[in-house]
There are 2 protein chains.
Amino acid sequence: MAKKKSEFENPYEEKCSIVYAMSLIGAKWKIPVLWHLAHYEILHYNELKRHLKGVTNTVLTRCLRELEQDSIVLRKSDGSVPPSVTYELTDLGKELIPALNGLYKWGDDHKTNASKI
Amino acid sequence: MAKKKSEFENPYEEKCSIVYAMSLIGAKWKIPVLWHLAHYEILHYNELKRHLKGVTNTVLTRCLRELEQDSIVLRKSDGSVPPSVTYELTDLGKELIPALNGLYKWGDDHKTNASKI
DNA sequence: ACTTTAAGAAACAAAAAAGTGCGTACTTGT
DNA sequence: ACAAGTACGCACTTTTTTGTTTCTTAAAGT
């Protein structure tokens, strides 16, 4: 019941901004989501879902909610009855693109001289 | 026993190099490890461990082994009896630094206009 | 002599993340 | 009239990742 961890130290507090960044976008499906939104600019929920084949509603919704709360994606819904909702990157989300490109390039280089998983 | 997933499609195969990159460096302690090795250039096992306060032997060792196998860090050991082992980034590891800086910067910017977790 | 330090390893437990299956409410297509 | 599509939400279960404990060998410090 008593939390032991916080009595010791949290290795992440304040220290490393990358770790902080990864806590926001490091979940399994978040980077794919961001990647697709970066390319298509604006997508409906189910469009996005089809692009990311394999993701389930629960997981995708969770990702999107979190990204929305962190102001990385923007959700737009007209309140229409067969719902119509779109997602796009916010400015903050767009600022991530160069960093993602850096990782992409590195991953790409490494993939070529190793076997792809 | 029968694997169902590969009959459908694996959303990650070949598609996104960032996801591949994250599969190599996305574990909780890997980025901190890389970060410290980038700054100090060369560190003994226990030095590194002290820098990353909070990590345990098992976890740190696992990280280092994996990073080593992926040619991101280099382990150097003289076979001496009270062991002396150092770790440093390989060239491949060093190529990651710009990408990490990108994430760092983004994380840093975001931290300033939001509360740090 | 006994503890500390060096650099881990193996077995196991806990926590976190991801995934499953089904339900909702209303509309358009057949 | 009935199925299908839109955009999810809830309650779980499963899988994956992390962390804990204890152990090792041998030398140097107190």
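Residue numbers begin at 1 in each chain, while the letters A, B, ... track the order of the sequences.
With hydrogens and angles ignored, the 3.5 Å screen pairs a side-chain donor or acceptor of A/T90 with a backbone N or O of A/G93. At least one donor-acceptor pair closer than 3.5 Å links the side chain of A/H44 to the backbone N or O of A/V85. With hydrogens and angles disregarded, a donor-acceptor distance shorter than 3.5 Å links the side chain of B/W106 to the backbone of A/L92.
Partners of B/E47 under the side-chain hydrogen bond (donor to acceptor under 3.5 Å, both in side chains) rule, at least two apart in sequence or in another chain, do not exist in this structure. Among residues two or more places apart in sequence or in another chain, the side-chain hydrogen bond (donor to acceptor under 3.5 Å, both in side chains) test is passed with B/D78 by B/S80. Under the rule for a side-chain contact (heavy atoms from CB on, under 4.5 Å), the partners of A/T61 that lie at least two apart in sequence or sit in another chain are A/Y45, A/R65. In this view, A/E66 and A/K30 satisfy the salt bridge (charged side-chain N to carboxylate O under 4.0 Å, His left out) rule, not counting sequence neighbours.
Other residues, nucleotides and ligands contribute at most 12 non-hydrogen atoms within 6.0 Å of the CD atom of B/E41.
Identified under the salt bridge (Lys or Arg N to Asp or Glu O under 4.0 Å) test for residues 93-103 of chain A, with sequence neighbours left out: none.
For the atom pair A/N46 CG and A/N57 CG, the distance stands at 7.0 Å (nearest 0.5 Å). Distance check, rounded to the nearest 0.5 Å: CG of A/L100 to CE of B/M22 gives 9.5 Å.
The NZ-P distance, from A/K53 to C/dA18, rounds to 21 Å in whole Å. Going from atom CE of A/M22 over to atom C1' of C/dA16 covers 16 Å, rounded to whole Å. For the pair A/R75 CZ and D/dT6 P, the interatomic distance rounds to 15 Å; values are reported in whole Å. Distance, B/K76 NZ to C/dA7 P: 15 Å, rounded to whole Å.
Taking the six-membered ring where tryptophan is involved, the planes of B/Y104 and B/W35 are essentially parallel, since the angle between them stays under 30° and well short of 60°.
For B/W29, no side-chain nitrogen or oxygen approaches OP1 or OP2 of D/dT17 to under 4.0 Å. The phosphate of C/dG8 (OP1 or OP2) has no side-chain N or O of B/K49 nearer than 4.0 angstrom.
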Scan nucleotides 24-30 of chain D against the protein and return all N/O pairs shorter than 3.5 Å with their distances rounded to 0.1 Å.
none

What donor-acceptor contacts under 3.5 angstrom involve side-chain atoms of residues 70-77 of chain B, with partners at least two apart or in another chain?
residue	atom	partner	partner atom	Å
B/R75	NE	B/Y87	OH	3.3
B/K76	NZ	B/E88	OE2	3.0

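For the segment residues 41-48 of chain A, residues with any heavy atom less than 4.0 angstrom from an atom of DNA chain D are, sorted by number, A/H44, A/Y45, A/N46. Residues of residues 56-69 of chain B that place a heavy atom closer than 4.0 Å to DNA chain C, in numerical order, are B/N57, B/T58, B/T61, B/R65.
With a 3.5 Å limit on both pairing distances and Watson-Crick or G-U wobble geometry required, the stems of 3 or more pairs in DNA chain D span C:1-30 with D:1-30.
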